[in-house]
Each structure stands twice: as C-alpha cells, then as structure tokens.
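Proteins come first, then strands; the chains are lettered A, B, ... in the order of their sequence lines, and each starts at number 1.
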Amino acid sequence: EAQVTQNPRYLITVTGKKLTVTCSQNMNHEYMSWYRQDPGLGLRQIYYSMNVEVTDKGDVPEGYKVSRKEKRNFPLILESPSPNQTSLYFCASSSLTGHGYTFGSGTRLTVV
Amino acid sequence: GDSVTQMEGPVTLSEEAFLTINCTYTATGYPSLFWYVQYPGEGLQLLLKATKADDKGSNKGFEATYRKETTSFHLEKGSVQVSDSAVYFCALTHRDDKIIFGKGTRLHILP
C-alpha cells in the first residue's frame, strides 16, 4: 500500500530534550515536506526537500532541522524543543506530477 | 504571493442537506487546485483536484469546478452524510513543490 509513515503518533517531552520524528514513504517520491498544524493558523510548512541531499526552509523553520540522506526518509529533528513547538506535525510526499501530496497520519507533540 | 481563502467554519448541516464550501484564490499563472479532507485523528487525504480552467474534479459525491474568471474552486455535495463530518482544506500549487493551503473549514453533519 502506498503510504507515508510517521512515528511516533504521540509524544510528550520536556523542554530542551532532543527528539526526532521519523517519516518514511514507499512511493519513490522525490519531494517530501514537513508541516505543522495549529488551531487558527492552518498548515504551515517547516522544511521541504526536492531530492536526496537537497533541503530548504519553509515558512516556519526556526527550531527545526531535517535531513534527506535517503530518498524514502525525511526525519524532523528538534534539537532543543520548547513549549511553542507543541503542535500536530504532518509529513507529506509528492511525485511532482500534479497529483498532489500524500500525507502521513500525523504526530501530536507536546513539550512541557 | 499566492493565497487561498476559504469560508470560516464551523459549518453545521443536517444529513441530506446540500453543501457548499467557498474557496477563492490569488495566484499568478495557472495553478492546480485541490480539496483535501481531514477526518478526526487522521492526516489529510486528497479529495479531488483540477488542473486547468473549467475542469471539474469529483470524488465520493463531492464536486468542484475550476473557475478562472472568478478565481474560485467551491466544493459542493448534493446530499451530505454524517460520515462527511471533517475539516476540508482548499489548496493550490503550481508545480506540486509547494502547496498553499487555506485555513480549513470544519463541517459538522447532524443525523
């Protein structure tokens, strides 16, 4: 089944403790992206990647890092999480052929 | 820059009612237009799309027509069901490499 898999689904952590949210897709998509979803603010893009070893900032990159060492994986790294990073995070991928994005099921992160 | 504006919710309807969720956009050129749906506790799923003017996208009884003259892509369904309760996002992209989303419209369908 074609899908984007994110882990974990839920995570509660403390301020300053480094964490990684994993994202993997099995569709051989070139493009991958991370979004955060907050009430009243909709979906905002954090980082994206056009292909292996090619990443770029989205609209809200501060406090996040990403890497794209393999085509299928695009982890999101929070080096020193803060409470304002409490949010619902989505990974998405695309083949860049006009068919839209495939989204993961989301990771709900709480930073206390 | 490009933007998408959709009607604010929540929208509450009775089962079998007619649904319209308005969406207008501002963009250069000829973007592709999408509707995504987010069911409770899940990620976004592509509902339908249209890639050029006058195209009609349709899926699961939902329809939307790409209107270049009014820069609109309104979502419609003739008879909604309780299972249609979700958040609906209108979106546009030029080359799939960056999607601009509206803020979403929450839909509640009452039995």
* Asked: Got a sec: does the CD of B:Glu69 have more than 12 other heavy atoms crowding it under 6.0 Å?
  -> yes
* Asked: B:Leu33 and B:Met7: same hydrophobic cluster, using ILVMFWY side-chain contacts below 4.5 Å?
  -> yes
* Asked: Among residues 43-63 of chain A, which residues come closer than 4.5 Å to chain B, judged by heavy atom distances?
  -> A:Leu43, A:Gln45, A:Met50, A:Asp59
* Structure fact -> Listed by number, the residues in residues 70-79 of chain A that come under 4.5 Å of chain B (heavy atom to heavy atom) are none
* **Heavy-atom pair of closest approach, residues A:Gln37 and B:Phe89** => NE2-CZ, 3.3 Å
* Structure fact -> Against chain A, residues from residues 100-111 of chain B with at least one heavy atom under 4.5 Å, in numeric order, are B:Phe101, B:Lys103
* To do: Side chain from CB out, backbone as N, CA, C, O: work out which of these in B:Glu8 comes under 4.5 Å of a heavy atom of chain A, or both, or neither.
  => neither
* **More than 12 heavy atoms from other groups under 6.0 Å of NZ on A:Lys69** => no
* **Crowding at OH, B:Tyr30 (>12 non-hydrogen neighbours, <6.0 Å)** => no
* Do you know the tightest heavy-atom contact between A:Tyr35 and B:Ile99? -> OH-O, 3.7 Å
* Would you check if the side chain of B:Tyr36 reaches a backbone N or O of A:Tyr101 as a donor-acceptor pair within less than 3.5 Å? => yes
* Residues in residues 103-112 of chain A that sit under 4.5 Å from chain B, counting heavy atoms only -> A:Phe103, A:Gly104, A:Ser105
* When clusters are formed by joining ILVMFWY residues with side-chain heavy atoms under 4.5 Å apart, either directly or through shared neighbours, do B:Leu47 and B:Tyr39 land in the same one? -> yes
* Is it the case that one hydrophobic cluster holds both A:Val66 and A:Phe90, taking links as side-chain heavy atoms less than 4.5 Å apart, direct or via other members? -> no
